[in-house]
Amino acid sequence: MNKMAMKALAPAALTMMLMSASASAVVLPDFKVNEASVEGAGGVITADKINGAYTEVITFGAGTFTTEAYGDFGQFLANDGTSLVAAQLNTSYGLYTTFSASGGFALGPLVTFSATNASFNLYIDRNQDTAKSFDGSGSVVLANTADDYLVGFATDLENGTGILVPGIGGFFDLVFTDFTLTGLGSTYFVDPNPFYLRVNVDGDFDSFSPTGTQTINGDVSAVFAAVPEPGSLALLGLGLMGMGLSLRRRKSA
């Protein structure tokens, strides 16, 4: 999908987002991971982004939504999220997340989401055997977790926004300001120390109808920072510009 096609769907809103994004260069701070802290793995890597895939169940009410999701991270990236980092993730151990959000949404040329509450949890799966599913109410259910441990968590939501372009897909952005490492987590994320308090969890998804209960698949990433990231419009604009490529990549895969 190119910018012209996206602008044709919702000219005013998309044009503003794309202009805002193009005016702001997103620089991602580095962090170091000590993979040797996980039994069976080894080495220290430097990265600035974690990438993966997620599945969520989202339920819509009268102008409201609630959602829970789980995701598996499969890549560390560097150079502002452009270069793959050689790591033992998904060969010697697994790294996964559960996150949730709730808030309101509004219909229009773009369906806009505004989260008022959210949470983010990051786990190590040493044996790569954790089973993830949803129960009848749309809550995440984890099994085979005896070898897992919590790396870090966040609940203080500074900003939670998202958009859906009907027939195309969408993008969400959750910014937390209290990312906290556990004791074991501080042996995994070793630099900076103290670690970054801000974590930005974002992703994209295929199109769906914002009614009833929906199961959605998409891509998810996490980056960390000590200072505020660019404004939410710039982040959403960058997400939109990458959304077409990401959606095409998932569908072709």
Side-chain angles (χ1 to χ4, degrees), residues 26-56 69-99 120-132 140 142 144-154 172-176 179-204 217-226 229 235 238-239 242 245-246 249-250 252-253:
V26 177
V27 178
L28 304 181
D30 287 346
F31 57 84
K32 289 185 179 180
V33 168
N34 178 21
E35 294 192 294
S37 68
V38 184
E39 183 179 356
V44 177
I45 61 171
T46 299
D48 56 32
K49 189 175 186 179
I50 315 173
N51 262 8
Y54 77 98
T55 301
E56 71 175 310
Y70 61 80
D72 290 296
F73 289 112
Q75 296 177 327
F76 285 106
L77 301 176
N79 298 319
D80 296 328
T82 62
S83 302
L84 184 65
V85 177
Q88 296 184 50
L89 178 62
N90 278 359
T91 57
S92 297
Y93 67 96
L95 183 66
Y96 70 91
T97 177
T98 61
F99 57 95
F120 171 73
N121 299 286
L122 188 62
Y123 297 90
I124 291 286
D125 176 10
R126 286 176 289 190
N127 294 338
Q128 302 180 77
D129 61 350
T130 301
K132 310 169 189 75
V140 174
L142 303 175
N144 301 328
T145 60
D147 59 296
D148 299 359
Y149 59 87
L150 182 66
V151 173
F153 59 91
F172 73 86
D173 188 74
L174 302 173
V175 180
F176 298 92
F179 184 66
T180 303
L181 293 178
T182 64
L184 288 173
S186 63
T187 68
Y188 183 74
F189 288 105
V190 293
D191 188 72
N193 185 17
F195 199 68
Y196 300 120
L197 283 177
R198 299 174 64 91
V199 58
N200 185 173
V201 182
D202 58 40
D204 60 63
N217 297 301
D219 298 318
V220 64
S221 66
V223 299
F224 305 94
E229 296 291 325
L235 288 169
L238 288 170
L245 177 60
S246 178
R249 183 177 67 249
R250 275 209 318 277
S252 62

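To the nearest 0.5 Å, atom CG of residue Leu150 and atom OG1 of residue Thr145 are 11.5 Å apart. Summarising the geometry, atom OH belonging to Tyr196 is positioned 12.0 Å from atom CG belonging to Leu181; distances are rounded to the nearest 0.5 Å. Atom CG of Asp147 sits about 4.0 Å away from atom CG of Asn127, to the nearest 0.5 Å. Once rounded to the nearest 0.5 Å, the distance linking CD of Gln128 with CG of Asp148 reads 11.0 Å. Atoms CG and CD, on Leu84 and Gln75 in that order, are 5.0 Å from each other to the nearest 0.5 Å.
Across all non-hydrogen atoms, the minimal contact from Leu184 to Thr187 is O-OG1, 2.6 Å. Counting all heavy atoms, side chain and backbone alike, Ser83 lies closest to Asn79 at OG-ND2, 2.9 Å. Taking each heavy atom of Ala222 and Val199 in turn, the nearest pair found is CB-CG2, 4.4 Å. When every heavy atom of Thr130 is checked against every heavy atom of Asn144, the shortest pair comes out as OG1-O, 3.6 Å. Heavy-atom minimum distance, Gly81 versus Lys49: CA-CD, 4.0 Å. Residues Asn51 and Ser221 share a closest heavy-atom pair of OD1-CB, 3.0 Å.
In this structure the side chain of Leu174 never reaches within 4.5 angstrom of the side chain of Phe120, judged on heavy atoms. In this structure, the side chains of Leu77 and Thr82 stay at 4.5 Å or more apart for every pair of heavy atoms. Within the 4.5 Å cutoff, side-chain heavy atoms of Tyr149 are placed close to those of Val38. You'll find the side chain of Val220 reaches within 4.5 Å of the side chain of Phe73, heavy atoms only. Under the 4.5 Å side-chain criterion, counting only non-hydrogen atoms from C-beta, Tyr70 is not in contact with Tyr123. With a 4.5 Å cut-off on side-chain heavy atoms, Val27 and Asp80 count as touching. In this structure the side chain of Ile124 reaches within 4.5 angstrom of the side chain of Arg126, judged on heavy atoms.
Of the possible polar contacts, none joining the Gln88 side chain to the Ala41 backbone as a donor-acceptor pair under 3.5 Å is found. The closest donor-acceptor contact from the side chain of Thr182 to the backbone of Val151 lies under 3.5 Å.
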Review point. Between Leu122 and Phe153, does a side-chain contact (heavy atoms from CB on, under 4.5 Å) hold up when you go through it step by step?
Key: CA-CA 6 Å; Leu122 188 62; Phe153 59 91; over 6 Å; no
**Study point:** Phe76 vs Ile50, side-chain contact (heavy atoms from CB on, under 4.5 Å): CA-CA, chis, key distance, verdict
**Key:** CA-CA 5 Å; Phe76 285 106; Ile50 315 173; 3.9 Å; yes
Point to revise | Stepwise side-chain contact (heavy atoms from CB on, under 4.5 Å) check, Val85 with Thr46 | key: CA-CA 8 Å; Val85 177; Thr46 299; over 6 Å; no
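Between Phe179 and Phe224, the ring-plane angle classifies as tilted under the 30° and 60° cut-offs. Taking the six-membered ring for Trp and thresholds of 30 and 60 degrees, Tyr54 and Phe172 have ring planes more than 60 degrees apart, a perpendicular arrangement.
Under 3.5 Å, the side chains of Tyr188 and Tyr93 contain a donor-acceptor pair of N or O atoms. A donor and an acceptor atom, one from each side chain of Asp173 and Asn200, are located under 3.5 Å apart.
Under the salt bridge (charged side-chain N to carboxylate O under 4.0 Å, His left out) criterion, Asp72 pairs with Lys132, not counting sequence neighbours.
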